[in-house]
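First the structure, then my questions, so here it is.
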Amino acid sequence: MRIFLLTATAAMAVASPAAARDGQPYFGVEGGLLFPKDQDADIDVDFTTTQTPAAPVAPAGPGDTSFNNAIGIDYRRGVDLDAIVGYDFGAFRLEGEAGFKRARLDEFEIDGGLVTALNTALNRPSAVPDPGAPGLAPLVATDFTLDGRVRVVSGMINGLLDFGDEEGLSFYAGAGVGRARVRFAGARDAAWAGQLIAGARFAITSNIDVGLKYRHFRTRRLDLADDSGVNLLGNANRFVLDPTNPTIVNQTTNANLFANFEQRFRSHSLLASLIFNFGAPPAPPPPPPPPVVEAPPPPPPATQTCPDGSVILATDTCPLPPPPPPPPEPAPERG
């Protein structure tokens, strides 16, 4: 599932991220289904052997031992909830996350080899000439039960890369690190944890996004050993010692079982997200100024043409015509 979602995110992303929410803080809540990975548990067995009378000493009883992967644990689908608060730097977001995970036990399986070894060590059932034979019945798998749930509380810091149109559909992917506290079957411990994240968001308003998120979560080593243990009683086993001077000795072995669960918690989650962005989208640019309209040029002034052919303003007076030339002088008379 993780590979598919990461591939889909990469295929649908575009090269340049949107800037609609750049430089703005946000917070959100997320919730959905938790799919815890199945776990195994080792069983440490402490045997205690007593005999009556104390002497002579019968053969030693069984020694303490461990059975690896003796218990298999399957979980039901659980609940994964978290609250996030972060800051959008643009193509990169940094956020803090407080998470809570819970799932109940679905199936509990115990290894048949462990049950057989316990019956042999505890002499269940016993046989004649053991006192009280057959005594306690042999153990079966259904004698071992585990009723409980796993709870995980975590605080993580996530780094995420954004792709796409944040004013519409966008995608993101990243990783986180932090601390987790795990509680299961009466045992609890804290460890460092890491997670991989991929998801998509859609802006339904200028401030609110809805989304879908995938998370793979994993802790480092945990110490979830059961310190109380489970006590199992055995049947007396009769020994006849020293055939030359027969002495009857009854020896009884009991056992205390301690479970040591797998040292990591791992899970997959599919979450729905509701995100609120504090900032508003940037204001649109101001409209361009209206174009400058130039006034039409004034009309040309009125003119008139004078008798001499000159053109003057209509308000001016034409020049007077030049005076006529003087008459010619009379010719002289001959005498």
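One is the number of the first residue; the rest follow in order along the sequence.
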- Is L212 close to L271 at the side-chain level, that is, under 4.5 Å between some pair of heavy atoms?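 Not touching, per the 4.5 Å side-chain cut-off.
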- Message: For a quick check under 3.5 Å, do N158 and Q195 share a side-chain donor-acceptor pair by atom type?
- Response: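 Yes - a donor-acceptor pair under 3.5 Å links their side chains.
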- Salt bridge between R181 and D189, side-chain N to carboxylate O under 4.0 Å?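 No.
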- Query: What about the rings of F27 and F276, do their centers lie closer together than 6.0 Å?
  - Reply: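 Yes; F276 has its ring centre under 6.0 Å from that of F27.
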- Shared hydrophobic cluster for W192 and V153 (ILVMFWY, side-chain gaps under 4.5 Å):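 No; V153 is not reachable from W192 via cluster members.
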- Is the count of non-hydrogen atoms from other residues, nucleotides or ligands lying under 6.0 Å from R238 atom CZ greater than 12?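 Yes, enclosed.
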- Query: T247 and P56: which non-hydrogen atoms are nearest, and at how many Å?
  - Reply: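 Closest heavy-atom pair between T247 and P56: CG2-CD, 3.7 Å.
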- Between the main-chain N or O of P125 and the side-chain N or O of N235, is there a donor-acceptor pair closer than 3.5 Å?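 No, the answer is negative, given that no donor and acceptor are paired below the 3.5 Å cut-off.
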- Message: Can you confirm whether L161 sits close enough to F92 that some side-chain heavy atom of one is under 4.5 Å from a side-chain heavy atom of the other?
- Response: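 Touching, per the 4.5 Å side-chain cut-off.
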- Of all heavy-atom pairs between S126 and A133, which one has the smallest distance, and what is that distance?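 It is OG-CA, 3.2 Å.
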- Task: Looking only at non-hydrogen atoms, find the nearest pair between G99 and D82 and report the distance.
- Result: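 For G99 versus D82, the nearest heavy atoms are CA-CB, 3.8 Å.
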- Would you say the side-chain atoms of Q251 pair up with the backbone N or O of A60, donor to acceptor, closer than 3.5 Å?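 Absent.
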- 4.5 Å side-chain heavy-atom contact, V29 and I84: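 Of all side-chain heavy-atom pairs linking I84 with V29, none is under 4.5 Å.
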- Message: Tell me whether V140 shares a hydrophobic cluster with I71, the cluster being built from Ile, Leu, Val, Met, Phe, Trp, Tyr side chains joined at under 4.5 Å.
- Response: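 Result: no, two separate clusters.
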- Item | R77 CZ: over 12 foreign heavy atoms closer than 6.0 Å |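 No.
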- Query: Does a side chain donor of either D44 or S66 reach within less than 3.5 Å of an acceptor in the other side chain?
  - Reply: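 Yes, S66 and D44 have a side-chain donor paired with an acceptor closer than 3.5 Å.
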- Considering residues, nucleotides and ligands other than R183, do more than 12 of their heavy atoms fall under 6.0 Å from its CZ?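 No, because the 6.0 Å sphere around CZ of R183 holds 12 heavy atoms or fewer from other groups.
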- A180 to V152 - nearest heavy-atom pair and separation: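 Distance-wise, the nearest heavy atoms are CB-CG1, 4.1 Å.
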- Query: Side chains of D111 and N69: closer than 4.5 Å at any heavy-atom pair?
  - Reply: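 No, too far: nothing below the 4.5 Å cut-off.
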- Task: Report the C-alpha distance between E97 and R215 in whole Å, list the side-chain angles of each, state the deciding distance to 0.1 Å, and finish with yes or no for salt bridge (charged side-chain N to carboxylate O under 4.0 Å, His left out).
- Result: CA-CA 12 Å; E97 171 196 300; R215 172 164 56 212; 3.0 Å; yes
- Message: For a 4.5 angstrom cut-off between non-hydrogen side-chain atoms, does F184 reach I73?
- Response: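 Answer yes - side chains close enough.
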- Item | N123 side chain to D130 side chain, donor-acceptor N/O pair below 3.5 angstrom |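 A pair is found: one side chain offers a donor N or O, the other an acceptor, under 3.5 Å apart.
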- Message: Under a plain distance cut-off of 3.5 Å, with no hydrogens placed, do N119 and R124 share a side-chain donor-acceptor pair?
- Response: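 R124 vs N119: no donor-acceptor pair found between side chains.
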- Message: Within the 3.5 Å criterion, strictly below it, is a donor on T252 or T50 matched to an acceptor on the partner's side chain?
- Response: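 On atom types as modelled, these side chains do not qualify, holding no pair under 3.5 Å.
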- Query: Quick one: CZ on F202 to CD on E167, what's the gap to the nearest 0.5 Å?
  - Reply: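 Those atoms lie 11.5 Å apart.
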- Checking side-chain contact (heavy atoms from CB on, under 4.5 Å) for the pair I110/L114: CA distance, chi angles, key distance, verdict? CA-CA 8 Å; I110 191 160; L114 169 63; 3.6 Å; yes
- Task: I would like to know whether I208 and L274 meet side-chain contact (heavy atoms from CB on, under 4.5 Å); could you show each step before the answer?
- Result: CA-CA 7 Å; I208 298 177; L274 178 64; 3.8 Å; yes
- Query: Stepwise, does the side-chain contact (heavy atoms from CB on, under 4.5 Å) test hold for H216 with S267?
  - Reply: CA-CA 6 Å; H216 172 65; S267 67; over 6 Å; no
- Using the side-chain contact (heavy atoms from CB on, under 4.5 Å) rule, pick out the option among L241, V57, V240 that qualifies with V249.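 Answer to the side-chain contact (heavy atoms from CB on, under 4.5 Å) test with V249 among L241, V57, V240: L241.
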- Under a 4.5 Å side-chain heavy-atom rule over Ile, Leu, Val, Met, Phe, Trp and Tyr, are F47 and L139 clustered together?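 Yes, F47 and L139 fall within the same hydrophobic cluster.
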- Should F278 and V85 be counted in the same cluster of Ile, Leu, Val, Met, Phe, Trp and Tyr side chains packed under 4.5 Å apart?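 Yes, F278 and V85 fall within the same hydrophobic cluster.
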- Message: Would you compute the distance between atom OG1 of T219 and atom CZ of F265 and round it to the nearest 0.5 angstrom?
- Response: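 One gets 8.0 Å once the value is rounded to the nearest 0.5 Å.
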- Message: Using side-chain heavy atoms (C-beta onward) and a distance below 4.5 Å, is L257 in contact with N231?
- Response: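 A side-chain contact under 4.5 Å is absent here.
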- Going by atom types alone, do N277 and Q24 pair a side-chain donor with an acceptor below 3.5 Å?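 No, no side-chain donor-acceptor contact under 3.5 Å.
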- Message: Are the side chains of R93 and D162 in contact, using a 4.5 Å heavy-atom criterion?
- Response: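 The answer is yes; the side chains approach within 4.5 Å.
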- Nearest 0.5 Å, what's the CG-CZ distance between N260 and F67?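 The CZ atom of F67 is 14.5 Å from CG of N260, to the nearest 0.5 Å.
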- Item | R220 to R264 - nearest heavy-atom pair and separation |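 The pair with the smallest heavy-atom distance is O-CG, 3.7 Å.
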- Mind checking whether I197 and Y172 have side chains closer than 4.5 Å, heavy atoms only?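 A side-chain contact under 4.5 Å exists here.
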- Roughly how far, to the nearest 0.5 Å, is the CG atom of L81 from the CG atom of L34?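 L34 atom CG to L81 atom CG measures 9.5 Å (nearest 0.5 Å).
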- Item | Aromatic contact, Y87 with Y26 (centres under 6.0 Å) |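 No.
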- Message: Show the nearest heavy-atom pair for residues D80 and S269, with the distance to one decimal.
- Response: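 Smallest interatomic distance, heavy atoms only, reads OD2-OG, 2.5 Å.
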- Message: Please check: side-chain N/O of T49 versus main-chain N/O of T253, any donor-acceptor pairing under 3.5 Å?
- Response: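 The answer is no, because no donor-acceptor pair under 3.5 Å joins these two groups.
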- Query: Of the options E107, K37, R149, Q39, which is the one that meets Y75 in a side-chain hydrogen bond (donor to acceptor under 3.5 Å, both in side chains)?
  - Reply: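 Option passing the side-chain hydrogen bond (donor to acceptor under 3.5 Å, both in side chains) with Y75: Q39.
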- When you look at S154 and F100, which way does the side-chain contact (heavy atoms from CB on, under 4.5 Å) test go after all the steps? CA-CA 6 Å; S154 60; F100 173 76; over 6 Å; no
- Task: Find the distance between OG1 (T52) and CD1 (I248) and round it off to the nearest 0.5 Å.
- Result: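 With rounding to 0.5 Å, OG1 (T52) is 12.5 Å from CD1 (I248).
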- Distance in Å, L270 CG paired with K213 NZ, rounded so as to fall on 0.5 Å steps: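 Those atoms lie 11.5 Å apart.
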- Under 4.5 Å between side-chain heavy atoms, hopping through other hydrophobics if needed: is there a path connecting F108 to L118?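 Yes, because F108 and L118 connect within a single hydrophobic cluster, where side-chain heavy atoms sit under 4.5 Å apart.
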- Evaluate the criterion side-chain hydrogen bond (donor to acceptor under 3.5 Å, both in side chains) for residue pair N250 and N237; output intermediate values, then yes/no. CA-CA 6 Å; N250 294 324; N237 190 10; over 6 Å; no
